[in-house]
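For reference, the structure discussed in these notes is given below.
The shown structure was predicted, so the numbers you read here are calculated from the model rather than taken from an experiment. Counting begins at 1 with the first residue of the sequence.
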Amino acid sequence: MRAKTYIFSVLAVVGLFFSAGTEKVGLTKGCRVGDFAPEIKMPDSCHVIQFSNPSKQYTLLSFWAAYNAVSRVHNIQLHAKVSKMDSTRIRMYSASMDERFSVYAGTLKTDKLENARHLFDGLGAKSPLYKQYNLKRGFGNFLIDDRGVIVATNIRPEDLDGI
């Protein structure tokens, strides 16, 4: 009987030891749902974009390039949707993976997106941003909450209706 009590006590202590401090475990920096979105620092700039914000605002981060028709159209559609929404609830950053500034600037003008928040670093697939967000050929997008946590990826404009 004493042996059972002793074993149970040891297991209880070990269980408490391993569970202590695990309340906040799980949130890490990364590019998956549930991860903290990596901050963005643009090359040759001291400007850093951090996604946590006290205004309870969601951030939509969309990656695209002029040479990738699907990502470009998707970026235009998302921008159109976000521009019709309450700006106190959501903001959008549009990150171009183009390597030439002239192509990037011309595309913004053609797509009538000059007044949006844009990011351009000119490194394309060699960009640290490309690697940080584990982008592939089709690029993608990330919906980030006010704590800076990724809550959805690769969303469509209609997915934003609940925000």
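- The salt bridge (Lys or Arg N to Asp or Glu O under 4.0 Å) analysis of residues 48-71, with sequence neighbours excluded, yields the pairs K56-D146.
- The side-chain hydrogen bond (donor to acceptor under 3.5 Å, both in side chains) test applied to N141 returns no partner, not counting sequence neighbours.
- Listed by chain and residue number, nothing satisfies the salt bridge (charged side-chain N to carboxylate O under 4.0 Å, His left out) test with D86 (two or more places apart in sequence, or in another chain).
- Of the possible polar contacts, one joining the H118 side chain to the L113 backbone as a donor-acceptor pair under 3.5 Å is found.
- Scanning both residues, S87 and Q57, for their nearest heavy atoms gives O-NE2, 2.6 Å.
- Listed by chain and residue number, nothing satisfies the ring-ring contact (aromatic ring centres under 6.0 Å, His included) test with F51 (two or more places apart in sequence, or in another chain).
- Under the side chain to side chain contact (heavy atoms under 4.5 Å, CB included) criterion, S71 pairs with W64, N68, F139, sequence neighbours left out.
- Every residue meeting the side chain to side chain contact (heavy atoms under 4.5 Å, CB included) condition with T153, not counting sequence neighbours, appears here in chain and number order: V33, F142, I150.
- Residues passing the side-chain hydrogen bond (donor to acceptor under 3.5 Å, both in side chains) test with N53, sequence neighbours excluded: S55.
- Cluster partners of M92, using a side-chain heavy-atom cutoff of under 4.5 Å among ILVMFWY residues and allowing indirect links, are Y58, L60, L78, V82, M85, I90, L143, V151, I155, L160, I163.
- Remark: R91 pairs with no residue by the salt bridge (charged side-chain N to carboxylate O under 4.0 Å, His left out) rule, at least two apart or across chains.
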Please set out all donor-acceptor pairs under 3.5 angstrom arising from side-chain atoms of residues 97-106, sequence neighbours excluded.
| residue | atom | partner | partner atom | Å |
| --- | --- | --- | --- | --- |
| D98 | OD1 | A66 | N | 3.0 |
| D98 | OD2 | A66 | N | 3.0 |
| D98 | OD2 | S96 | OG | 2.9 |

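- Pairs passing the salt bridge (Lys or Arg N to Asp or Glu O under 4.0 Å) check and including a residue from residues 154-163, sequence neighbours excluded, read K81-D161, R156-E158, R156-D159.
- Tested against R72, the residues T110, D111, T107 include a single side-chain hydrogen bond (donor to acceptor under 3.5 Å, both in side chains) partner, D111.
- Within the structure, every pair that satisfies the side chain to side chain donor-acceptor pair (under 3.5 Å) test and touches residues 127-136, not counting sequence neighbours, is listed here: D121-S127, N134-K136.
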